[in-house]
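A short write-up of the structure that comes next.
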Amino acid sequence: MSQKRFRLHLLPLSKKHRQFPLPRNVVTVCDGVQQPSDATIANLVLESDPLTLSEALFKPTIQWAPELVNKVLKRLWNHGPKALQFFKHLDRHPAYIHCASSFDHAIDIAARMHDYNAAWALVGRMRSLRRGPTPRTFAILAERYAANGKPHRAVRTFLSMHEHGCRQDLNSFNTVLDILCKSKRVEMAHTLLKTFRSRFKLDCVSYNIIANGYCLIKRTPMALNVLKDMVQRGINPTMVTYNTLLKGYFRSNQIKEAWEFYLEMKKRKCEIDVVTYTTVIHGFGVAGEVKKSRRVFDAMVKEGVAPSVATCNALIQVLCKKDSVENAVVVFEEMMRKGLCVPNVVTYNVVIRGFCHVGDMERALGFMRRMGEHGLRCSVQTYNVVIRYFCDAGEIEKGLEMFEKMRDEPCLPNLDTYNVLISAMFLRKKSEDLVVAGKLLMEMVDRGFLPRKFTFNRVLNGLVITGNQDFAKEILRMQSRCGRIVRRLKL
DNA sequence: GTAGGGTTAG
């Protein structure tokens, strides 16, 4: 279709917050009383006996506040049972009442473990305390249903909002559309949009969401149709609309179309923003046109558009993947020196992956250590990358060493960490490795992750072949406990 | 925290 009808709204440049991480394990002083940090409390929860936890949490030295509770919950994110234990113990505190956002976190954690009963019980509890539920609560539930392959339940959750005393408005409607699109149920979202067109006064956001959905599944012609429909209904596109479509062209490998669209945007004197530039830099780089990426980056600076950390990360990643990690590091250092942008965890992860990829594990580890200089902590993703590459190179011991290092931090492993390590335990065909695989499997279940059937069978077979029958039986019992959940969920 | 850009896989 022709883009001639599109009229542009001039938008201010987006100002993304830069990351200023907090020091860890510090004890802040409040009214002369030593107040433990979120890290200290998270460690306490991980280490203490559930029976004595209340006592520790009810100490008057801890001044509970929603921010502190939320930070602790975030730290315990990859240990669902402990996170919920913490939340429930604190729920019985004589003087502290959880706020809505803490309830939302807890509900998210319960739903992520597929425990919808617990999640809805928390919704009931927050309602009885008159702390919600809020539209955000329903967005979280819907998102979990959609992510767990239950898009219809996601929609029903949205439709049931008013039954729980929560108003359905355009914002919450757009949120559910977005959730469906992000879980690739774009047709369903589109149908929903058409169904509720008369009930909600749809805006540009609604249409942008659907167009983006079609772009995500690489159906740019449908995205264009949606935008055409939008314009015909008298809604003007915005910079978000254009950037969405531009990204869509790159995603479906329509590089020529992307370039033409970008030129068209420039020609029409659109106020090309930092997102447009980042999209183009990344898009060309991924397509192997690194020189073009660099030229666009330089043009951007020349035009006076300040690159964001995402822009820098895009260029650095592109150089790592399609040029050389050495050149990427040159850009990294230059950006820091010139103060163009402050590196964040993503920047480091990109560079670390770059070094891992060329087999330079020493420098990868060096950059991990350097993160502290910027007050950054290695994320679980950082560890996953390094563990994966160590294991791929057959250095299983080093992979396990990194896993131990995580434990010391503590940085809780996620599903990927366990999957990578368990797979690695089959490489050396050693009996001890299979016992480790079994232990990892037990640990991940303990922490609220549900291993795939394939993983269970693989570990079980391995243990039986290497003569670890007793351990295999133990795992089998654990599997049947999980099996009840699996059957209920039809996974 | 109603929508668009940067990480983890060859």
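Just so it is clear: chains get the letters A, B, ... in the order the sequence lines come, proteins before strands, and each one is counted from 1.
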- [ ] Can you sort out the partners of A/N384 under side-chain contact (heavy atoms from CB on, under 4.5 Å), two or more places apart, ordered by chain and number?
- [x] A/V380, A/N414, A/D416, A/T417
Task: Between B/dG5 and B/dG1 - P atom distance, rounded Å - done: 14 Å
Task: Nearest-nucleotide pick for A/D203, side chain only, options being B/dG10, B/dT2, B/dA3 - done: B/dT2
- [ ] Please round to the nearest 0.5 Å and tell me the distance separating atom OG1 of A/T134 and atom CZ of A/R167.
- [x] 14.0 Å
Open item on the list: Under 4.0 Å, heavy atoms only, any strand: does A/T311 hit a base, just the sugar-phosphate, or nothing?
Closed with: base
TODO: Scan residues 387-403 of chain A against DNA chain B and write down, sorted by residue number, each residue with any heavy atom closer than 4.0 Å; if none is found, say none.
DONE: A/R388, A/Y389
Task: Residue list, side-chain contact (heavy atoms from CB on, under 4.5 Å) with A/A223, at least two apart or on another chain - done: A/A211, A/Y214, A/C215, A/L245
Task: With sequence neighbours excluded, residues passing ring pair (Phe, Tyr, Trp, His ring centres under 6.0 Å) with A/Y207 - done: none
Open item on the list: A/V331: which residues meet the side-chain contact (heavy atoms from CB on, under 4.5 Å) condition with it, sequence neighbours left out?
Closed with: A/R294, A/L315, A/I316, A/L319, A/M335
TODO: Classify the nucleic acid contact of A/R353 as base, sugar-phosphate or nothing, counting any heavy atom under 4.0 Å across all strands shown.
DONE: sugar-phosphate
Task: Any residue meeting ring pair (Phe, Tyr, Trp, His ring centres under 6.0 Å) with A/F250, in chain and number order, not counting sequence neighbours - done: A/F284
TODO: Measure from the side-chain heavy atoms of A/V275 and tell me the nearest of B/dG5, B/dG6, B/dG1.
DONE: B/dG5
Task: ring pair (Phe, Tyr, Trp, His ring centres under 6.0 Å) partners for A/F367, two or more places apart - done: A/F332, A/F355
Task: Residue-level proximity of residues 166-187 of chain A to DNA chain B when a heavy atom falls under 4.0 Å - done: A/N171, A/N174, A/T175, A/D178, A/K182
- [ ] Can you tell me which residue pairs pass the salt bridge (Lys or Arg N to Asp or Glu O under 4.0 Å) test with a partner in residues 352-366 of chain A, sequence neighbours excluded?
- [x] A/E326-A/R363
Open item on the list: Whether the side chain of A/S308 and the base of B/dG5 hold a donor-acceptor pair under 3.5 Å is what I'd like checked.
Closed with: yes
